[in-house]
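What follows is a short report on a single structure.
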Number of protein chains: 2
Amino acid sequence: MVKVRRNKVEQPPEVCPLGECMSLISGAWSPHVIWYLRDGPRRFSELRGDIKGVSAKVLTARLRQLERDGVVIRREVDSSPPTVEYSLSELGAELRPAIAAIVDVGHRLKQRR
Amino acid sequence: MVKVRRNKVEQPPEVCPLGECMSLISGAWSPHVIWYLRDGPRRFSELRGDIKGVSAKVLTARLRQLERDGVVIRREVDSSPPTVEYSLSELGAELRPAIAAIVDVGHRLKQRR
DNA sequence: CCGAGCGGTTACCTGCAGGTAACCCGAATA
DNA sequence: TATTCGGGTTACCTGCAGGTAACCGCTCGG
């Protein structure tokens with residue numbers, strides 16, 4: 001019967017950063033968007049095809065939010081027919097390694113299942 | 001007036017891994033739990049103190065889910081008074097770099113704001 | 001004996017992310 | 001002329017994560 005450790009919290013590491021960043025990639029689909037934009041711009045309907053199971057409404061909502069947060073950039077292309085091109089901003093590019101790390105764990109998860 | 005690119009989706013990268021892993025760390029508080037367990041076991045009320053703003057109910061729920069998913073390990077310690085110790089499983093440890101990457105981006109986010 | 005701390009549980013309520021389905025305009029194609 | 005495609009918008013509905021508050025049994029310290 002050992003006495004309970006009543007240890008102090010060492011260095012409360014001020015982890016607001018976690019919430020800060022999580023708010024950018026929270027929402028079921030945001031990480032997918034960032035992931036599929038990792039190698040360059042993509043059009044709306046390309047993303048719809050890439051990300052299986054997402055509806056137009058939700059994809060629009062996520063893209064708008066990511067745009068407001070400064071993660072992706074929306075560019076209307078004056079082509080025929082007019083199209084819209086989404087790409088990662090500088091900030092969005094910084095998120096790539098984080099998403100990549102998550103994908104990496106996901107891979108190993110599948111491997112062992 | 002340029003014709004629209006009708007490019008094919010190159011290498012549909014089979015990104016179920018993303019959803020796979022996101023399901024482990026989704027929920028506002030799961031990443032925090034993993035983060036605060038990164039350096040070793042912690043007791044329930046230590047975690048409550050670490051993670052500012054989380055209620056007992058929600059913390060319990062997240063811990064139970066993470067336990068079911070095999071991410072954390074719950075251990076009742078026969079001390080006096082009895083306490084409960086949570087730690088990362090091997091799988092949980094694999095999530096550390098992903099969380100660290102997110103925290104890292106969060107830091108740079110705060111820096112520039 | 002009283003109160004506090006530990007590790008929760010239970011009941012109740014709320015918001016909002018997400019799903020479905022229908023509809024929109026303009027340009028290009030058949 | 002009618003249909004398709006691109007890029008959405010709108011209305012409506014649902015589930016569940018999360019918040020609040022009260023309560024619980026046990027043990028320890030004063």
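Just so it is clear: chains get the letters A, B, ... in the order the sequence lines come, proteins before strands, and each one is counted from 1.
- Nucleotide D:dG6 holds its P atom 13 Å from the CG atom of A:Leu47, rounded to whole Å.
- The nearest whole Å value for the distance from the CZ atom in A:Arg48 to the P atom in D:dG8 is 11 Å.
- Within the 4.0 angstrom heavy-atom criterion, only backbone atoms of the sugar-phosphate kind lie near A:Ala28; the bases stay farther away.
- Under a 3.5 Å cut-off, the side chain of B:Arg62 and the backbone N or O of B:Leu59 do not form any donor-acceptor pair.
- The phosphate of D:dG8 (OP1 or OP2) has a side-chain N or O of A:Tyr86 nearer than 4.0 angstrom.
- In this structure, A:Ser89 contributes its side chain and A:Gly70 its backbone to a donor-acceptor pair below 3.5 Å.
- Rounded to an integer number of Å, the gap from CG of A:Asp78 to P of C:dA28 is 11 Å.
- Within the structure, a side-chain polar atom (N or O) of B:Ser45 is placed less than 4.0 Å from OP1 or OP2 of C:dG7.
- Between the A:Arg75 side chain and the A:Glu85 main chain, no donor and acceptor come within less than 3.5 Å of each other.
- For A:Arg74, the side-chain atoms get nearest to D:dG7 when compared with the rest of D:dG7, C:dG18, C:dC6.
- Residue B:Ile25 contributes atom CD1, which lies 16 Å from atom C1' of D:dA17 at whole-angstrom precision.
- Atom CD in B:Glu76 sits about 15 Å away from atom P in D:dC26, given to the nearest Å.
- Comparing atom distances between the A:Lys57 side chain and each of C:dG7, D:dG18, D:dT10 picks out D:dT10 as nearest.
- Taking the side chain of B:Arg62 as heavy atoms from C-beta on, and the options D:dG7, D:dA17, C:dG18, the nearest nucleotide is D:dA17.
- Counting to the nearest Å, the P atom of C:dA17 and the CG atom of A:Leu63 are 15 Å from each other.
- Listed nucleotides: D:dG19, D:dG8, C:dG18. Nearest to the side chain of A:Phe44: D:dG8.
- Between B:Trp29 and B:His32, the ring center distance clears the sub-6.0 Å criterion.
- The shortest distance between the side-chain N/O atoms of A:Arg64 and the OP1/OP2 oxygens of C:dA17 is not below 4.0 Å.
- OP1 or OP2 of D:dG7 has at least one side-chain nitrogen or oxygen of A:Arg43 nearer than 4.0 Å.
- One can place CG of B:Leu24 at 14 Å from P of D:dA17, the figure rounded to the nearest angstrom.
- If you find the closest nucleotide of DNA chain D to B:Gln65 and to B:Ser55, the one lying nearer the 5' end belongs to B:Gln65.
- A:Arg48 has no carboxylate O lying under 4.0 Å from a charged side-chain N of A:Glu46, or vice versa, which leaves the two without a salt bridge.
- A:Glu85 has its CD atom 15 Å from the P atom of D:dG6, to the nearest Å.
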